[in-house]
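Please read the structure below before turning to the comments.
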Amino acid sequence: MFNLSFGAAAGALALAIVATPLAASDDDHHDYNEEDQAGDFAYEAPAKPTEAWMLAAGGRIYDKWWAALDRPEPVYFTHPAYPATATKSGADTWRCVTCHGWDYKGATGIFRAGEDYTGIKGIDGAIGRDEGEIIALLRAPLHGYTQEMIGDEEIGWLAAFVSRGQIDMSKYVDLSTREIVAGDIDNGRAVFQTNCAACHGFDGRQLNWGGPGEDAFVGTEASDLPDEVMNKILNAHPGVWMINLRAFGPGVAADVLRYAATLPQE
Ligand code: HEC
Ligand code: HEC
């Protein structure tokens, strides 16, 4: 009897000792929505967001804010600043990327010609700019992003991305030919097999987001639209439970990009 209760007490003590260093700090505490953990990862913020988390979140808002933030799609009208001479209309014209480009260089980058041309400048001139100024610019009539569209905390992540999260795309993708110009294929293969393959399959063909008769796999998109895929790798695709490599930096992301472009395209 004595031995038993002593054993239990000792066990509890041992547990208490090992549990302390392993437990998450109170700061990291997160209340789970047990029904929808994927949605939680896609839409919720951690209690203590790191710089890497914020920059990736900002990058997803830049990509397609309503998908990233689970808001209604702005189907009502074409963005007033979108040039009438350009090719798009409707919700698409409310995406930052539609006017400013996947390479952040607008009319001086990959969008300098073709169906994506708008003539609007990039956001690379705003690298290092005060975040308050960036937020004011996005709330001003020219851009017209209301709090219902992008909330105050969320627009802070976007401003952080504009100020500190842009990469120099020309290091990885030739801005004239749209060819991939950097990246270590072997390291990219290692990262892909151990991360991306969990959802996309070892050959990148497990998920297909193409239309009927038209495949769109990781391989297809990495080879056709490498600047876009570089954004997805660094920030994740908005509104889904995809991981991102923001915390590992653009060098590792470029390795994955280059390897992904070697995967089957159909
Ligand atoms: C419909 C087109 C359009 C969309 C969508 C758009 N912008 Fe702009 N943006 C502009 C125009 C036009 C300017 C002003 C360019 C100029 O001064 O010549 C601008 C300027 C900027 C600038 C300042 C650039 C500089 O060098 O001073 C930043 C930063 C910026 N936009 C960020 C964003 C972000 C972030 C989003 C998405 C939330 C966004 N924009 C969506 C058209 C757009
Ligand atoms: C936890 C699952 C998961 C992981 C891990 C993951 N992805 Fe994804 N990814 C998704 C989902 C879901 C989509 C959305 C597919 C769709 O739209 O049908 C997606 C979409 C994409 C897209 C297409 C976006 C578009 O334009 O439609 C690319 C490119 C991509 N992932 C690349 C990667 C790469 C590279 C990695 C590894 C760094 C990776 N993904 C890791 C789940 C994942």
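Any value given below was found using the heavy atoms of this structure, including those in side chains, with hydrogens, waters and symmetry copies removed. Numbering of residues begins at 1 and proceeds along the displayed sequence. Just so you know, ligand 1 is whichever comes first in the structure, and atom 1 is the first atom listed for that ligand.
Relative orientation of the F77 and W94 rings is perpendicular, given thresholds of 30° and 60° on the angle between their planes.
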Exercise. Where do R71 and M149 land on the side chain to side chain contact (heavy atoms under 4.5 Å, CB included) test, with the steps shown first?
Worked result: CA-CA 7 Å; R71 300 284 140 73; M149 296 173 176; over 6 Å; no

Exercise. What's the verdict on side chain to side chain contact (heavy atoms under 4.5 Å, CB included) for Y104 and V97, showing C-alpha distance, side-chain angles and the deciding distance?
Worked result: CA-CA 8 Å; Y104 325 116; V97 67; over 6 Å; no

For this session: Please step through side chain to side chain contact (heavy atoms under 4.5 Å, CB included) for the pair E154 and L158, ending with a clear verdict.
Result: CA-CA 6 Å; E154 297 154 352; L158 177 61; over 6 Å; no

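Listed by number with element, the atoms of ligand 2 under 4.0 Å from a non-hydrogen atom of I233 are 35 (C). Interface of A126 with ligand 1, defined as ligand atoms under 4.0 Å from a residue heavy atom, comprises 29 (C). The ligand atoms of ligand 2 that sit less than 4.0 angstrom from a heavy atom of E228 are 26 (O). Counting the atoms of ligand 2 from 1 in the order shown, those under 4.0 Å from a heavy atom of E221 are 24 (C), 25 (C), 26 (O). Set against the non-hydrogen atoms of T93, the atoms of ligand 1 under 4.0 Å away are 1 (C), 5 (C). Short contacts between ligand 2 and W241, defined as distances under 4.0 Å to a heavy atom of the residue, involve ligand atoms 1 (C), 2 (C), 12 (C). Counting atoms of ligand 1 from 1 in the listed order, those under 4.0 Å from a heavy atom of Y82 are 1 (C). In the vicinity of R129, heavy-atom distances shorter than 4.0 Å reach the ligand 1 atoms 23 (C), 25 (C), 26 (O), 27 (O).
Protein heavy atom closest to atom 24 (C) of ligand 1, with residue, atom name and distance, is G122 O, 3.8 Å. Looking only at protein heavy atoms, the nearest one to atom 41 (C) of ligand 1 is Y145 OH, 3.3 Å. Protein heavy atom in closest approach to atom 16 (C) of ligand 2: W209 CB, 3.7 Å. In terms of protein heavy atoms, atom 17 (O) of ligand 1 is closest to K121 CE, 3.6 Å.
Proximity of K88 to D116: side-chain heavy atoms (C-beta onward) are separated by under 4.5 Å at one or more points.
In terms of N/O distances under 3.5 Å, ligand 1 is not approached by R95.
Not a single donor-acceptor pair under 3.5 Å links the side chain of S163 to the backbone N or O of A159. Side-chain N or O atoms of W65 include none that pairs as donor or acceptor with a backbone N or O of Y145 at under 3.5 Å. For H100 (side chain) and K121 (main-chain N/O), a donor-acceptor pair under 3.5 Å exists by modelled atom type.
If you look at atom 8 (Fe) of ligand 1, the protein N, O or S atoms less than 2.8 Å from it are H100 NE2, H143 NE2. Within a radius of less than 2.8 Å around atom 8 (Fe) of ligand 2, the protein N, O or S atoms are H200 NE2, M242 SD.
Of all heavy-atom pairs spanning R60 and A236, the tightest one is CG-O, 3.4 Å.
Residues E221 and W209 bring a donor and an acceptor atom of their side chains to less than 3.5 Å of each other. Inspection of the Q166 and D124 side chains reveals no N or O donor paired with an N or O acceptor under 3.5 Å. A donor-acceptor contact under 3.5 angstrom links the side chains of D215 and N208, judged on distance only. There is no side-chain donor-acceptor pair under 3.5 Å between T220 and E266.
Considering only non-hydrogen atoms, atom 5 (C) of ligand 2 lies nearest to N195 out of N195, L263, V256.
No heavy atom of T98 sits closer than 4.0 Å to any atom of ligand 1.
Environment of CZ in F248: sparse, with no more than 12 heavy atoms of neighbouring residues, nucleotides or ligands closer than 6.0 Å.
Neither the backbone nor the side chain of I134 comes within contact range of ligand 1; no heavy atom lies under 4.0 Å.
Comment: E51 does not engage R246 in a salt bridge, judged by the lack of any side-chain N to carboxylate O separation of less than 4.0 angstrom.
How far CG of D227 is from CG of L225: 6.5 Å, rounded to the nearest 0.5 Å.
Tracing side-chain contacts under 4.5 Å through hydrophobic residues (I, L, V, M, F, W, Y), one never reaches L55 starting from M169; they form parts of separate clusters.
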